[in-house]
Amino acid sequence: MFRKIVIFSLFSVAIFSVAFFSLSPRALAADDLNGLNTTAGKVSAFASQVSSNDGNFIQTKAGQIIGTILSFVGVLFLILMIYAGVMWMTAQGNDQQVTKAKDLLINSIIGLIIIFAAYALTNFIGGFVSNQFNP
């Protein structure tokens, strides 16, 4: 069983590596966003975030930081789910290990709910306060 897990893990890493490295360096360059920036400029989308004269620079940077943190939280949640699933599958009738895997699953889900609830509450309060001070 352990051998199958190792083979599956190596196969998964190989597939993701091929998918990641198949992207050309030009595809990862920022210059490829010119078409999107041009289109966004034609419809005046994101004009307040691009302009640094209106004082939204801090809000934009805070949003980018929060987005990055939430991305890491999502990746951490995925890793915990996979780890708990593998732990459960390899328990082989060991009730203590099954209980540990279930607890890890439940605690991971509760943690994710708490993080998104905190984000939603902060977003709601921030929007309310922002609307009160910027009529």
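Because only heavy atoms are used, hydrogens play no part in the values below, and waters and symmetry mates are left out as well, while side chains stay in. The structure presented is a predicted model; accordingly, all values stated were derived computationally and were not measured. For the single chain, residues carry numbers from 1 onward in sequence order.
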Exercise. Side chain to side chain contact (heavy atoms under 4.5 Å, CB included) between Thr90 and Gln97: does it pass, once the steps are laid out?
Worked result: CA-CA 9 Å; Thr90 59; Gln97 192 171 357; 3.9 Å; yes

Exercise. Is there a chain of hydrophobic side chains (I, L, V, M, F, W, Y, each step under 4.5 Å between heavy atoms) that links Ile66 to Phe77?
Worked result: yes

Problem set entry | Transitive ILVMFWY side-chain link Ile82 to Met89, under 4.5 Å | yes

Seminar exercise, completed: Residues Ala101 and Ala84: closest non-hydrogen pair is CB-O, 3.6 Å

Seminar exercise, completed: NZ of Lys100 to CG of Asp95, rounded to nearest 0.5 Å, is 14.5 Å

Would you be so kind as to tabulate the donor-acceptor pairs closer than 3.5 Å made by side chains of residues 102-128, with sequence neighbours excluded?
from: Asn107; atom 1: ND2; to: Asp103; atom 2: O; distance (Å): 3.2
from: Ser108; atom 1: OG; to: Leu104; atom 2: O; distance (Å): 2.7
from: Thr122; atom 1: OG1; to: Ala118; atom 2: O; distance (Å): 2.7

Quiz: residues 67-75 side-chain donor-acceptor pairs under 3.5 angstrom, not counting sequence neighbours:
from: Thr68; atom 1: OG1; to: Gln64; atom 2: O; distance (Å): 2.9
from: Ser71; atom 1: OG; to: Gly67; atom 2: O; distance (Å): 2.9

